[in-house]
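Have a look at the structure below before the remarks.
Just so it is clear: chains get the letters A, B, ... in the order the sequence lines come, proteins before strands, and each one is counted from 1. The figures that follow rest on heavy atoms only: side chains count, while hydrogens, waters and symmetry mates do not.
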Number of protein chains: 2
Amino acid sequence: MHMRAVSSVQDNDRFGAAACLGFGREVGHMLPVNAIQHLPAGELLFSEGDKADSVFEVLSGMVRLYKLLPDGRRQVTGFLTAGQLLGLAPEGACVFTADTVTEVSLVRYKRDAFDRLIDDVPGFARRLLAVTSHELHAAQDQMLLLGRKSASEKVASFLLMLPARLNVIDVPMTRGDIADYLGLTVETVSRTLTRLRQDGLIALPVPTRVQVLDRKGLENLASGDLGDLF
Amino acid sequence: MHMRAVSSVQDNDRFGAAACLGFGREVGHMLPVNAIQHLPAGELLFSEGDKADSVFEVLSGMVRLYKLLPDGRRQVTGFLTAGQLLGLAPEGACVFTADTVTEVSLVRYKRDAFDRLIDDVPGFARRLLAVTSHELHAAQDQMLLLGRKSASEKVASFLLMLPARLNVIDVPMTRGDIADYLGLTVETVSRTLTRLRQDGLIALPVPTRVQVLDRKGLENLASGDLGDLF
DNA sequence: CGTGCCTTTGAAAGAGCTCAATCCTGGTGG
DNA sequence: CCACCAGGATTGAGCTCTTTCAAAGGCACG
């Protein structure tokens, strides 16, 4: 069995809380598929504590994962895009909430069928393991960001982890989502973006679109190389 | 093949960056073991970027995992204790640095032999998957802590994730380690512990030992239930 | 009995937060 | 077609929590 699809893990798992398998063509037909679902924006997929009996694969759109504190404080742990998996948890209950940022289409697999595949298909388990390990590393990067980076370093890091076409980044999530992903407030995210614009690192034609004007500068900022210039 | 050991995952993986397998007796003899190593405190195991060709299992003592920014800022991503695994990363290079907090004894397995086991031993891969998934969830809890909890909530959470015997917690790591794990400074950790002592939640006979006087209170604080009493 | 490291405590400064007002922008209905 | 409206985004001013800078304590080790 060949390992073709594995390399794409590096490129797709930008947000650290999900997985890109690329298994669709190879094993997808072996899985009982409930149905392809189409959901509007702002739709709940499942809540923290729900019984975890499904594995989802995102086909298009963006899904948001988060955890809440009793008083409503929210930490977004990841954003999922096409190709990423959701609900791999072998434990009985979901440990986070998932809802849609944009319109989303996704496939739901039966969890027990998925589990059977792990034992039956050689190499499948190892690939899943590679995926979760990779997510774990992304999670550690996020811990470094949350625990030790300044607001501008966080925002710069965030922009660079979004996929860019010709240096133009699509930002479908709200400032509130970004804030809750970076451990900041809406106002600080907004102010920081304004600051990056004033400093010539980015342009903001509309709030949902960022143009990277100085990628090197952003990268230095994101990696904390600039000491305290910002 | 029975699944006896899996339940211990819940109890041992308190720090989110490692794994408890409990495989020693079952498959340990199938793995080529370099040697059991004994290391003093403060010894480097490997650095970020090193070639990852080994899997370690901690037998005793405590190992610290961390990532660094270029200017020296540090984020501790986890502390490992007896039974936990290290170096499961299937990627070529280590993504964090590991060194010893206390004296440590550990076993080093050859990575390729470990990989072979994944394919050869039924259920092994699935158990590893359970372990890494569990770590991933712990990592998400840590993100919530780092991004959204106050200093006292962080410290309370930290104390409660350490194993306690008769409400007495052993704290082998320094205040600096705790600070870098919680995204705080040494001074804030120290002040917060003093505050918890003054408020009657804990006692501090010596800096390395914490006695829990009001577990309920600590738990409320840790989960963010108290609103802004602290 | 120094010496060095860890911890604790104090005072001042600052990064990011809170509160509050204004500005967009896209959808709605007259 | 355009005024209106609602939700998100931006900006401003003041404040707070945490950090920074500085100085003692305390303990282990030589």
- Qualifying salt bridge (charged side-chain N to carboxylate O under 4.0 Å, His left out) pairs, either residue in residues 93-102 of chain B, two or more places apart: B:Arg64-B:Asp99
- Task: Report yes or no: do B:Ser54 and B:Arg108 form a side-chain donor-acceptor pair below 3.5 Å?
- Result: yes
- Item | Verdict with reasoning, B:Leu160 to B:Glu219, per side chain to side chain contact (heavy atoms under 4.5 Å, CB included) | CA-CA 7 Å; B:Leu160 290 173; B:Glu219 284 169 353; 3.6 Å; yes
- What one-letter contact string describes nucleotides 25-30 of chain D from 5' to 3', where B marks a base within less than 4.0 Å of any protein heavy atom, S marks contact via sugar-phosphate atoms alone, and - marks no contact? ------
- When the distance from CG of B:Leu196 to P of C:dT8 is rounded to whole Å, what number comes out? 12 Å
- Sequence neighbours excluded, the answer for side chain to side chain donor-acceptor pair (under 3.5 Å) partners of A:Lys51 is A:Asp53
- Please list, chain by chain and in numerical order, all residues satisfying salt bridge (charged side-chain N to carboxylate O under 4.0 Å, His left out) with B:Asp50, sequence neighbours excluded. none
- Query: Going by atom types only, do B:Thr192 and B:Ser152 share a side-chain donor-acceptor pair under 3.5 Å?
  - Reply: no
- Item | Value in whole Å for how far the C1' atom of C:dT8 lies from CG of B:Leu204 | 11 Å
- Nucleotide-resolved protein contact map, nucleotides 9-20 of chain C, B/S/- at heavy-atom distance under 4.0 Å: BBB----SSBB-
- Message: For residues 200-212 of chain A, which residue pairs pass the side chain to side chain donor-acceptor pair (under 3.5 Å) check, not counting sequence neighbours?
- Response: A:Asp170-A:Arg209
- Integer-rounded Å distance: C:dT7 P and B:Asp180 CG: 12 Å
- About how many Å separate CD of A:Glu135 and OG of B:Ser133, when rounded to the nearest 0.5 Å? 8.0 Å
- Message: Just the rounded figure in Å: distance from P of C:dC6 to CG of B:Leu193.
- Response: 17 Å
